[in-house]
2 protein chains.
Amino acid sequence: MPWDTARTRRLLLEAGGRRFAATGFAGTSVADISRDAAVNKERLYAYFGNKRQFFDQVLAHRLDGLLDGLDVTGTGPDAVRDWTGRLWDRYAADRDMARLLAWESLELTGPAVTVHRLSACAGAARVLREVLPARDEAAARQLLLSLVVLVTGAWTLPGLGALITPDGDAATRRSAVLEHAEALARAAQPD
Amino acid sequence: MPWDTARTRRLLLEAGGRRFAATGFAGTSVADISRDAAVNKERLYAYFGNKRQFFDQVLAHRLDGLLDGLDVTGTGPDAVRDWTGRLWDRYAADRDMARLLAWESLELTGPAVTVHRLSACAGAARVLREVLPARDEAAARQLLLSLVVLVTGAWTLPGLGALITPDGDAATRRSAVLEHAEALARAAQPD
DNA sequence: TCACGTCCCAACCAAACGTTTGGAGATTCG
DNA sequence: CGAATCTCCAAACGTTTGGTTGGGACGTGA
């Protein structure tokens, strides 16, 4: 059997994403990850240095593409609603994403912001501004932030949902968030 | 020097709130809390059973009052903006609150929902519905959830803020959130 | 074929972890 | 007072942690 070091690396990164998303940095042991990946933990140290550097790699690997490819189709509040819906569906398809984002914010003092993610956000703000042309850059960014927080919060603060809408399911919440996103976009537009 | 067991308990609960808010349940050791409280850690076990039960007590102690006393003054979207602003200021005055809320959602599988918090949320939804009388119960709760998520997210997902609004400060974000809250309330109202 | 470097694993290590114990002062009640 | 009880602490317990090590299996170039 030949070696496949790229596969070993990938197995570790994937298992790290799963475990860190589930229990966070402090709540996950290297042995957990090693067991999930079915790879000896010594490999993690050989490839990534230590647990903390490995965590950074996992975050970059899983979060850099957060806003990539969420193109806007059309213009106006409807387009904003569409975009928000696609962001929601991205989280729904990759449950780990939102949780990793939350752990990053909570467990790291300074967010491990990569250049890639920064420019992706700038791109999203620019696109949003084209769609809602009347607002200035700052207002567009504030709107973008509210949209992302609204969607991300649904996945990272499930306790609030259970508390405030005890009988609500994900589909209802999704359509409510989209309605709210559209309302925000409409209000941001000049009349 | 006489004993003051109530004080010892309080010191532990306060230190637990600080430490858990800063580094979460898994990231905080009992020794950390004991050091912060200047109380022997054996007292924590004597009073609260174990680390996990102590965590639950800290959450209940600090989070039960989350929505208490946030009375609504006036009616209509302006009142909703006011209410949202008071929630924001509550978080600003007690930085631990939002973070504890986030840790609770992330680290506990089922949210440790207390009866007290559930009824407080029901009360808030009822008040909100009185302020915006046209909407049904479900829509009022969805709106309330969006407002709380919007405000809470600002404190629990600071990484997103740093990413999307790199130059923004708390005051600008506050007024943007209030503007958005008012817009949501306005959209929820019938014309 | 042999020697050298790479990949991998089991076993190991010291430190930190959650939790318990033994006993020293303080309080209470007879 | 004296014995029982309560509050508190220092030290210890066994386990788990992040991280390392020694050696065997494999690939590569001569």
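We name chains A, B, ... by the order of the sequence lines, and we start the count at 1 in each one.
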Taking Trp155(A) as the starting point, is it possible to reach Leu147(A) by hopping between hydrophobic residues whose side chains are less than 4.5 Å apart?
yes
Aromatic plane relationship, Phe55(B) with Phe20(B) - under 30° parallel, 30 to 60° tilted, over 60° perpendicular:
perpendicular
Given dC7(C), is OP1 or OP2 found less than 4.0 Å from the side-chain N or O atoms of Thr8(A)?
no
Tell me what Tyr47(B) touches on the nucleic acid: a base, only sugar-phosphate, or nothing, going by heavy atoms under 4.0 Å.
sugar-phosphate
Output the rounded distance in Å from [atom1] ([X]) to [atom2] ([N]).
{"X": "Arg19(A)", "N": "dT17(D)", "atom1": "CZ", "atom2": "P", "value": "12 Å"}
{"X": "Leu44(B)", "N": "dT7(D)", "atom1": "CG", "atom2": "C1'", "value": "15 Å"}
{"X": "Arg7(B)", "N": "dT7(D)", "atom1": "CZ", "atom2": "C1'", "value": "13 Å"}
{"X": "Arg9(B)", "N": "dC6(D)", "atom1": "CZ", "atom2": "C1'", "value": "16 Å"}
{"X": "Arg43(A)", "N": "dT21(D)", "atom1": "CZ", "atom2": "C1'", "value": "13 Å"}
{"X": "Asp4(A)", "N": "dG27(D)", "atom1": "CG", "atom2": "P", "value": "12 Å"}
{"X": "Tyr45(B)", "N": "dC9(D)", "atom1": "OH", "atom2": "P", "value": "15 Å"}
{"X": "Phe48(B)", "N": "dT19(C)", "atom1": "CZ", "atom2": "C1'", "value": "16 Å"}

With a 3.5 Å cut-off and sequence neighbours excluded, list the donor-acceptor pairs that the side chains of residues 58-70 of chain A form with protein atoms.
unit_1: Arg62(A); atom_1: NH2; unit_2: Asp94(A); atom_2: OD1; d: 3.0
unit_1: Arg62(A); atom_1: NH2; unit_2: Asp94(A); atom_2: OD2; d: 3.4
unit_1: Arg62(A); atom_1: NH2; unit_2: Asp96(A); atom_2: OD2; d: 3.4
unit_1: Asp64(A); atom_1: OD1; unit_2: Thr114(A); atom_2: OG1; d: 2.7
unit_1: Asp68(A); atom_1: OD2; unit_2: His116(A); atom_2: NE2; d: 3.4

Can you list every salt bridge (Lys or Arg N to Asp or Glu O under 4.0 Å) pair that touches residues 138-148 of chain A, not counting sequence neighbours?
Glu137(A)-Arg141(A)
Using the salt bridge (Lys or Arg N to Asp or Glu O under 4.0 Å) rule, take Arg174(B) and Asp89(B) through it: C-alpha gap first, then chi angles, then the decisive distance, then the call.
CA-CA 9 Å; Arg174(B) 189 189 118 107; Asp89(B) 295 338; 2.5 Å; yes
Could you list the protein-to-nucleotides 10-17 of chain C atom pairs, N/O on both sides, closer than 3.5 Å?
unit_1: dA10(C); atom_1: N7; unit_2: Asn40(A); atom_2: ND2; d: 3.1

Can Arg173(B) and Asp169(B) be counted as an ion pair, charged N to O under 4.0 angstrom?
no
Would you kindly compare Gly49(A) and Val39(B) by the position of their nearest DNA chain D nucleotide and give the one closer to the 5′ end?
Val39(B)
Tyr47(B) ring centre to Arg43(B) NZ or CZ under 6.0 Å, with the angle to the axis within 45°?
yes
